[in-house]
Amino acid sequence: MTDDKPHEECGVFGIYNPEGTPVARDIYYGLMALQHRGQEAAGMSVSDTKGPKGNLNTRKDQGLVSEVFSKADLEALPGNIGVGHVRYSTSGGSRVENAQPIAMNYIKGSLALVHNGNLTNAEQLKKEQMYRGQAHYTTSDSEVLCYEIISKRVSTGSIEEAVKKAAERIRGGYAIIVMSPRKLVGMRDPLGIKPLVLGEKNGAYILASESAAIVSVGGRLLRDIQPGEIVTITGSEIKSDTSLCGSKRAHCVFEYIYFSRADSVIDGIEVRDARFKAGQALARFSGVSADLVSGVPDSGLAAAEGFAHESGIPFSLIFHKNSYVGRSFIKPTDEERRTAVRMKLNVLGGIVKDKRIVLVDDSIVRGNTMRQIIETLREAGAKEVHVRISSPPFISPCYYGTDVPSRAQLIAAQHSDEEVRKTIGADSLAYLRQTDFQTMLGDLPVCAACFDGNYPV
């Protein structure tokens, strides 16, 4: 399934407990809540703020969170401050050495960094760092960022000042959490492309990619980090630097369409509510005579419910999703691809037989998976399958940390809507219109470059 979806690069989590309580388990459960944002690698670094400086302990590896960390691993990671990361590779490739956190020692101490996003000027910064003898030719964006912060830290009075000076040089979409032995520093890119939120749990402060991760560890959401804001947590004290905040905003619209968990709240907007409204908008302009509406689990379900609510057509679950199947990597033959889809989604044949179905999903990238889903529905006896997509057609790649393929691999960039409909085997096909983003998100300014090619930076 997931080989035909855009992928978010990663999720980040950081926590500081001034009472001295170990935080490794909270990081573990926070990363579990962010697992949907990256399934290739996971890691965490922890430290004891009352111990000697430079006592960072790091554990990271390829695999799911539950595969990387055992109970013994967590017990071997003592400390009351820490950062964690789940990764899906875009920049840097899928190698264990690119797993995060990036932990480094330098002349003034040590730091560990976790990063979500891509730097659009990483290559230029890398050249400068190679000239200084820091970086090497295989350096990832995250390492470039780490080296940039370290180079500023040796000439500044604090880690937060170093983060600020580095932020003045970097470009792109990013959310960053930096842990020094005594502080936790978080920053969000000035356009707000990547999300970052602040929470609290029994006196401990938390930074995370999504509010669902904070709630999952028993915390409460306090607020979003403002685009361009640098937040420094020192014990029970929080400092905010908004001097890099600007007036321009470009929040990633695909966070609301697909990436984020439905129970998250980002920039004051409930993700599930945004998807429900997208489905309502689809029903208003692309209605069709049908017997039932359903969605492709999981991100298509809320939009399907919205479509059903607006159209008056009954909503029904028509798939059983196997939650115990991992990521489906690209298969070498059509039969293996079909098998991978069936392993993930089994059709409830008694519900779909002789029915006209409206099938709602969040996106079509290459078209392979949707074609296979429609084939299985027809094999189960579906009379008609009308596809409704709760996003506009993908026509452009993303340069901010989302793994959208090149234009050559995007079916909508190469074919008309009618050609796509024939390719996937649907009876009809309609996409959400960009003008409907306001219905979903109100006046929130968004980055929709993958749909219109207008890049904000």
Under 3.5 Å, side chain of [X] to main-chain N/O of [Y], donor-acceptor pair present?
X: Asn57; Y: Leu77; answer: no
X: Gln35; Y: Gly38; answer: yes
X: Thr242; Y: Cys245; answer: no
X: Asn80; Y: Asn17; answer: yes
X: Glu419; Y: Ser416; answer: yes
X: Ser264; Y: Ser260; answer: no
X: Lys248; Y: Leu191; answer: no
X: Glu67; Y: Leu64; answer: yes
X: Asp141; Y: Leu119; answer: yes
X: Ser316; Y: Ile318; answer: no

**OP:** Decide if atom CD of Glu270 counts as having more than 12 heavy atoms of other residues, nucleotides or ligands within a radius under 6.0 Å.
**Re:** no
**OP:** Step through it carefully: locate the ring centre of Tyr205, locate the ring centre of Tyr16, and say whether they are under 6.0 Å apart.
**Re:**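 That pair fails the under 6.0 Å test.
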Original post:
Is the His309 to Phe276 ring centre distance short of 6.0 Å?
Top reply: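 Yes, close enough.
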**OP:** Would you please test Ser286 and Arg388 for side chain to side chain donor-acceptor pair (under 3.5 Å) and show each step?
**Re:** CA-CA 8 Å; Ser286 66; Arg388 298 295 180 265; 3.2 Å; yes
Sub-4.5 Å side-chain heavy-atom contact between [X] and [Y]:
X: Ile177; Y: Leu184; result: yes
X: Glu210; Y: Leu34; result: yes
X: Ile373; Y: Val296; result: yes
X: Leu207; Y: Ile233; result: yes
X: Leu244; Y: Met187; result: yes
X: Val358; Y: Val288; result: yes
X: Ile15; Y: Ile81; result: no
X: His36; Y: Arg261; result: yes

Strictly below 4.0 Å, N to O, side chains only: are [X] and [Y] in salt-bridge contact?
X: Glu418; Y: Arg421; answer: yes
X: Arg223; Y: Glu229; answer: yes
X: Asp267; Y: Arg188; answer: yes
X: Arg59; Y: Asp73; answer: yes
X: Lys355; Y: Glu384; answer: no
X: Asp189; Y: Lys194; answer: no
X: Arg275; Y: Asp298; answer: no
X: Asp263; Y: Arg272; answer: no
X: Arg87; Y: Glu40; answer: no
X: Glu148; Y: Lys126; answer: no

Subject >> Worked check of side-chain contact (heavy atoms from CB on, under 4.5 Å) between Asp362 and Phe254 >> reply: CA-CA 9 Å; Asp362 56 79; Phe254 219 64; 4.3 Å; yes
Would you give the length of the straight line joining atom [atom1] of [X] to atom [atom2] of [Y], rounded to the nearest 0.5 angstrom?
X: Ile176; Y: Ile225; atom1: CD1; atom2: CD1; value: 12.5 Å
X: Asn118; Y: Arg171; atom1: CG; atom2: CZ; value: 15.5 Å
X: Asp26; Y: Tyr29; atom1: CG; atom2: OH; value: 9.5 Å

Subject >> side-chain contact (heavy atoms from CB on, under 4.5 Å) evaluation trace for Tyr28 with Ser66 >> reply: CA-CA 8 Å; Tyr28 175 86; Ser66 60; 3.8 Å; yes
Grab the two heavy atoms, one from [X] and one from [Y], that are nearest each other, plus how far apart they are.
X: Leu31; Y: Phe69; result: CD1-CE1, 4.4 Å
X: Thr120; Y: Gly172; result: OG1-N, 3.7 Å
X: Asp61; Y: Val68; result: O-CG2, 3.5 Å
X: Arg284; Y: Glu310; result: NE-OE2, 3.3 Å
X: Pro195; Y: Asn116; result: CD-ND2, 4.5 Å
X: Pro190; Y: Arg249; result: O-NH1, 3.9 Å

**OP:** Specify whether Tyr455 and Tyr399 have parallel, tilted or perpendicular ring planes, treating 30° as the upper limit for parallel and 60° as the lower limit for perpendicular.
**Re:**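 The arrangement is tilted - the two ring planes meet at 30° to 60°.
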Original post:
Could you walk me through whether Val420 and Leu429 pass the side-chain contact (heavy atoms from CB on, under 4.5 Å) check?
Top reply: CA-CA 8 Å; Val420 174; Leu429 169 66; 3.7 Å; yes
Original post:
Only one of Ile102, Ile170, Val178 clears side chain to side chain contact (heavy atoms under 4.5 Å, CB included) with Ile149; which?
Top reply: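 Output: one option passes, namely Val178.
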Original post:
Do Ser209 and Phe13 pass the side-chain contact (heavy atoms from CB on, under 4.5 Å) test, and can you show the C-alpha distance, the side-chain angles, and the key distance before you say yes or no?
Top reply: CA-CA 7 Å; Ser209 291; Phe13 188 93; over 6 Å; no
